[in-house]
J.: 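Have a look at this one before I ask anything.
These numbers were taken from a predicted model, which means no experiment stands behind them. Note that ligands are numbered from 1 as they come in the structure, with each ligand's atoms numbered from 1 the same way.
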Amino acid sequence: MEIQPVRAADVEAIAALAREIWQSAYAGIISQAQIDYMLGQRYNAPRLLEELEKPGYWWDQAFIDGTRAGFSSGYLTGVVGEIKLDKVYVHPAHQRSGVGGALIERVAAHGRAAGCDTLILAVNKQNAKAIAAYEKRGFSVREAVRVDIGGGFVMDDFIMARSIAQ
Ligand SMILES: CC(C)(COP(=O)(O)OP(=O)(O)OC[C@H]1O[C@@H](n2cnc3c(N)ncnc32)[C@H](O)[C@@H]1OP(=O)(O)O)[C@@H](O)C(=O)NCCC(=O)NCCS
């Protein structure tokens, strides 16, 4: 497995991979309309290109034998010492082989290098597979939140946190 930063030339491939993973991960959790809405909101090319350029944002992608298998992103939240694991997605064919764990550790490393000691994330309360993966990596639930994301949709999430202190 190899992890590399996402480049501008990769944004279309990342958006396509996101769609494939979201369809399999969220089909039983949120409606198709919400999947389409959130993909459009978060994975449109201008937004991705902006995040690739933004200071305090990091996008990485994992390849297995040259095939793009997953990606992650993280950003400094503005709370002192805190970085957020904003996205971690691994293609179903490559799950449970350590790719997600490696991408999470990459975001943790970006945070440590930026002087952070806490890594947080938001995960859908029904996403048991992801919650299990996060617990394995040392996260625990800090709070439950319901966030209005527009379009008549809400995100019904747990906020999880873990120490990344040296
Ligand atoms: C969550 C996700 C990123 C984890 O990536 P991964 O590459 O499978 O993770 P790893 O192989 O590093 O770790 C897997 C661990 O997670 C847990 N896990 C993963 N899938 C699981 C499942 N179906 N049932 C129970 N535990 C599971 C286990 O602890 C597992 O360790 P094990 O294989 O040694 O038992 C991946 O499952 C994924 O992309 N899911 C769909 C998208 C998603 O929900 N992303 C998170 C959004 S908040």
Side-chain angles (χ1 to χ4, degrees), residues 1-6 10-11 13-44 47-48 51 57-77 82-112 116 118-149 153-164:
M1 186 203 338
E2 198 187 338
I3 298 182
Q4 296 173 2
V6 174
D10 303 317
V11 300
I14 291 289
L17 180 58
R19 174 162 288 282
E20 216 182 326
I21 300 170
W22 274 57
Q23 286 302 145
S24 90
Y26 292 124
I29 297 181
I30 54 178
S31 67
Q32 186 61 46
Q34 184 163 354
I35 290 174
D36 294 340
Y37 177 81
M38 292 181 72
L39 284 169
Q41 221 183 22
R42 289 148 184 242
Y43 294 91
N44 64 78
R47 166 110 182 229
L48 294 185
E51 289 193 9
Y57 271 74
W58 295 271
W59 274 83
D60 293 290
Q61 54 189 336
F63 292 89
I64 294 181
D65 298 331
T67 300
R68 189 179 279 100
F71 63 90
S72 59
S73 76
Y75 66 88
L76 301 178
T77 63
E82 189 180 87
I83 181 169
K84 182 174 182 185
L85 172 63
D86 194 39
K87 301 178 175 69
V88 58
Y89 290 95
V90 177
H91 190 279
H94 297 288
Q95 289 175 9
R96 300 201 85 160
S97 49
V99 178
L103 287 166
I104 292 168
E105 294 312 319
R106 182 59 60 104
V107 176
H110 290 310
R112 270 188 219 104
C116 296
T118 304
L119 179 59
I120 65 159
L121 61 84
V123 59
N124 188 290
K125 286 176 193 163
Q126 294 177 62
N127 194 349
K129 198 161 79 172
I131 292 169
Y134 296 142
E135 285 173 339
K136 184 181 175 186
R137 289 275 150 191
F139 288 89
S140 55
V141 172
R142 189 161 86 177
E143 59 184 314
V145 293
R146 273 174 73 83
V147 181
D148 185 335
I149 54 167
F153 301 113
V154 292
M155 292 199 312
D156 197 11
D157 287 347
F158 287 129
I159 304 297
M160 300 183 79
R162 145 191 171 187
S163 169
I164 53 166

J.: Only heavy atoms of Ala122, strictly under 4.0 Å: list the atoms of ligand 1 that pass.
T.: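 Ligand 1 atoms under the 4.0 Å threshold to Ala122: 48 (S).
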
J.: Report yes if Ser97 has an N/O atom closer than 3.5 Å to an N/O atom of ligand 1; otherwise report no.
T.: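 N/O-N/O distance below 3.5 Å exists for this pair.
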
J.: Among protein heavy atoms, which sits nearest to atom 40 (N) of ligand 1, and what does the distance come to when rounded to 0.1 Å?
T.: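 Scanning the protein heavy atoms, the shortest distance from atom 40 (N) of ligand 1 goes to Gln95 NE2, 3.5 Å.
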
J.: Considering only protein heavy atoms, which is closest to atom 26 (N) of ligand 1, and at what distance to one decimal place?
T.: Ala132 CB, 3.5 Å

J.: Whether Glu20 and Arg68 form a salt bridge (side-chain N of Lys/Arg under 4.0 Å from carboxylate O of Asp/Glu) is what I want to check.
T.: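 Looking at Arg68 and Glu20, the cut-off is not met.
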
J.: For Lys136, is there an ion pair with Glu105 - N to carboxylate O distance below 4.0 angstrom?
T.: no

J.: Locate the shortest heavy-atom distance separating Asn127 from Ile29; write the atom from each residue and the value.
T.: CA-CD1, 3.8 Å

J.: When you measure from atom 20 (N) of ligand 1 to every protein heavy atom, which one gives the shortest distance, and what is it?
T.: Lys129 CG, 3.1 Å

J.: Any carboxylate oxygen within less than 4.0 angstrom of a Lys/Arg side-chain nitrogen, looking at Arg19 and Asp36?
T.: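 Salt bridge flag = yes for Asp36 with Arg19.
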
J.: Say whether Val88, considering both its backbone and side-chain N or O atoms, lies within less than 3.5 Å of an N or O atom on ligand 1.
T.: yes

J.: Find out whether Tyr26 and Met38 are in side-chain contact, i.e. whether some heavy atom of one side chain is under 4.5 Å from a heavy atom of the other.
T.: no

J.: What's the spacing between Ile149 CD1 and Arg42 CZ if we round to 0.5 Å?
T.: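 Reported to 0.5 Å precision, the distance equals 6.0 Å.
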
J.: Pick one of side chain, backbone, both or neither for how Asn127 approaches ligand 1, counting any non-hydrogen atom pair under 4.0 Å.
T.: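 Answer for Asn127: side chain.
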
J.: Show me which atoms of ligand 1 lie under 4.0 Å from any heavy atom of Ala130.
T.: 1 (C), 44 (O), 46 (C)

J.: Between Gln95 and Val90, is there a donor-acceptor pair closer than 3.5 Å when you use the side chain of the first and the backbone of the second?
T.: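 Confirmed, Gln95 side chain pairs with Val90 backbone.
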
J.: If you have a sec, work out which protein heavy atom is nearest atom 28 (C) of ligand 1 and how many Å separate them, to one decimal?
T.: Arg96 NH2, 3.6 Å

J.: Could you see which bit of Ala133 sits under 4.0 Å from ligand 1, with heavy atoms only: side chain, backbone, both or neither?
T.: both

J.: May I ask you to identify the nearest protein heavy atom to atom 5 (O) of ligand 1, giving residue, atom name and distance to one decimal place in Å?
T.: Gly100 CA, 3.5 Å

J.: Can you tell me which portion of Lys136 lies within the under-4.0 Å heavy-atom range of ligand 1? Options are side chain, backbone, both, or neither.
T.: side chain

J.: Closer than 4.0 Å to some heavy atom of Tyr89 - which atoms of ligand 1 meet that?
T.: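 With Tyr89 as reference, the close atoms of ligand 1 come out as 39 (O), 42 (C), 43 (C), 45 (N), 47 (C).
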
J.: Could you find the nearest protein heavy atom to atom 39 (O) of ligand 1 and give me its residue, atom name and distance?
T.: Val90 N, 2.8 Å

J.: Just distances here: any N/O of Ala25 and N/O of ligand 1 closer than 3.5 Å?
T.: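 Not met; the criterion fails.
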
J.: Strictly less than 4.0 Å: does any protein heavy-atom distance to atom 13 (O) of ligand 1 fall in that range?
T.: no

J.: Specify whether Tyr43 and Phe71 have parallel, tilted or perpendicular ring planes, treating 30° as the upper limit for parallel and 60° as the lower limit for perpendicular.
T.: perpendicular

J.: In terms of relative ring orientation, are Phe153 and Tyr37 parallel, tilted or perpendicular, with 30° and 60° separating the classes?
T.: tilted

J.: With respect to Gly98, determine whether any N or O atom, backbone or side chain, lies less than 3.5 Å from an N or O atom of ligand 1.
T.: yes

J.: Under 4.0 angstrom from atom 22 (C) of ligand 1, is there any protein heavy atom?
T.: yes

J.: Below 4.0 Å, non-hydrogen atoms only: which portion of Tyr26 touches ligand 1? Side chain, backbone, both or neither.
T.: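 Answer for Tyr26: side chain.
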
J.: For ligand 1, which atoms sit closer than 4.0 Å to a heavy atom of Tyr134?
T.: 46 (C), 47 (C), 48 (S)

J.: With the side chain counted from C-beta on, respond yes when Val88 and Tyr134 share a heavy-atom pair under 4.5 Å apart, and no when they do not.
T.: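 With C-beta onward as the side chain, the pair touches.
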
J.: Please confirm whether the backbone N or O of Pro5 pairs with a side-chain atom of Gln61, one donor and one acceptor, at under 3.5 Å?
T.: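 Yes.
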
J.: So, taking the atom named NE2 in His110 and the one named OH in Tyr57, what distance separates them when rounded to the nearest 0.5 Å?
T.: 14.0 Å

